[in-house]
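Just so it is clear: chains get the letters A, B, ... in the order the sequence lines come, proteins before strands, and each one is counted from 1.
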There are 2 protein chains.
Amino acid sequence: MINLDYKDKRPIYEQIIDKMKELMVMGVIPENAQLPSVRSLAVELSINPNTIQRAYAELERQGYIYSVKGKGNFAADNERLRDLKVDEIKERLIEILDSAKKIGMSDDDIMNVVKNRR
Amino acid sequence: MINLDYKDKRPIYEQIIDKMKELMVMGVIPENAQLPSVRSLAVELSINPNTIQRAYAELERQGYIYSVKGKGNFAADNERLRDLKVDEIKERLIEILDSAKKIGMSDDDIMNVVKNRR
DNA sequence: CTGCTGTATTAGTATAGTTAATACAGCCGG
DNA sequence: CCGGCTGTATTAACTATACTAATACAGCAG
């Protein structure tokens, strides 16, 4: 379900966070479905349970999942998931637009990248 | 010339790299002008000269500056600087467009963010 | 020659990521 | 009710990276 990339310099827990977000937003993990337990995922990935817990705690903080003690961690509603992810992307996009504006890249320059890519 | 942000979790040398790029691309440091020396900038920022050197080494590796032993570090040509920076921004932009595509954000969604922001 | 420049090396410190071990509490099926 | 699953918390230790520190060497210019 998840593949870690040890060449990546980003922390493992961040990789897990991003991958889980993707799996949920893509619908691979349906809304309100149970995520792998902290311990089982730790075994599967051959890493420490604490690292998984850290990732899950952050996912809950951001609203992507909800935790029920004694039962497990569950994906939020579809609508919620999508809204959160769209907002994230918009934020990143705006950051870049600011950088572009700063060095005087024209709207056309930006639009062309968008159009040619899609 | 440069302000460090110790609240920022990014390494100091990265902040210096970005700030220097900006100063050069914006023309605050004109093409072929000499950058502050490793030692003087270290004193000015109250950090270790090694950290400056690391930033400068990376800037040279990326083509933003060129170093002359015994003389100093100098900004690359304007055209070069701009091309490098534009490529950087395009790359980041493409990454985001991929993320957006992955979750099925429409072209219009993207375009609207671009238009409303500028 | 003196004083600036860049460059390199080696060692030490501090912090963040990660592991490890353990404990406690809630849910559920037999 | 009990055993085994779940999440959550705590404390200690290890490791890698960022950063500091001290020092040395080499080139350029007045």
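Contact check for Ile65(A) versus Met24(A): side-chain heavy atoms found under the 4.5 Å cut-off. The side-chain heavy atoms of Ile52(B) and Leu45(B), taken from C-beta on, include a pair separated by under 4.5 Å. The closest side-chain heavy-atom distance from Lys101(B) to Ser106(B) is not below 4.5 Å. Ile29(B) places none of its side-chain heavy atoms less than 4.5 Å from the side chain of Gln34(B).
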| query | With the sugar-phosphate defined as primed atoms, P, OP1 and OP2, and the base as all remaining atoms, what B/S/- string results for nucleotides 20-30 of chain D, 5' to 3', for protein heavy atoms under 4.0 Å? | reply | BBB-B--BSS-
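When distances are taken from the side chain of Pro11(A) to each of dG17(C), dT8(D), dT7(C), the shortest belongs to dG17(C). In this structure, the nucleotide among dT8(D), dT18(C), dT7(C) sitting nearest to the side chain of Arg54(A) is dT18(C). Of the candidate nucleotides dG6(C), dT8(D), dT7(C), dT7(C) has the atom nearest to the side chain of Glu60(B).
In this structure, Glu14(A) and Val38(B) both approach DNA chain C, and ranking their closest nucleotides by distance from the 5' end singles out Val38(B).
Summarising the geometry, the separation between OH on Tyr56(B) and P on dT5(C) is reported as 11 Å, rounded to the nearest angstrom. Spacing between atom CG of Leu35(B) and atom P of dG6(C) amounts to 9 Å, rounded to whole angstrom units. The separation between Ile52(A) atom CD1 and dT6(D) atom P is 13 Å, rounded to whole Å. The nearest whole Å value for the distance from the CG atom in Asp8(A) to the C1' atom in dG17(C) is 14 Å. Taking atom OH of Tyr66(B) as the reference point, atom P of dT5(C) lies 17 Å away to the nearest angstrom. Counting to the nearest Å, the P atom of dT8(D) and the CG atom of Leu41(A) are 14 Å from each other. Atom-to-atom, CD1 of Ile17(B) to P of dC19(D) comes out at 10 Å; the value is rounded to the nearest Å. Put simply, CD on Gln53(B) is 14 Å from P on dC19(D), counting in whole angstrom units.
At distances below 3.5 Å, not a single donor-acceptor pair connects side-chain atoms of Asp109(A) with backbone N or O atoms of Met105(A). Distance alone, capped at 3.5 Å, is enough to place a donor-acceptor pair between the Ser99(A) side chain and the Glu95(A) backbone.
Applying the 4.0 Å criterion to OP1 and OP2 of dT5(C), one finds that Asn73(B) has every side-chain N and O outside that range. In this structure, Ser37(B) does not reach the dC4(C) phosphate: none of its side-chain N or O atoms is under 4.0 Å from OP1 or OP2. Contact annotation: Tyr13(A) side-chain N/O to dT18(C) OP1/OP2 distance is not under 4.0 Å.
Judged purely by distance below 3.5 Å, without hydrogens or angles, the side chains of Lys21(B) and Gln62(B) pair a donor atom with an acceptor atom.
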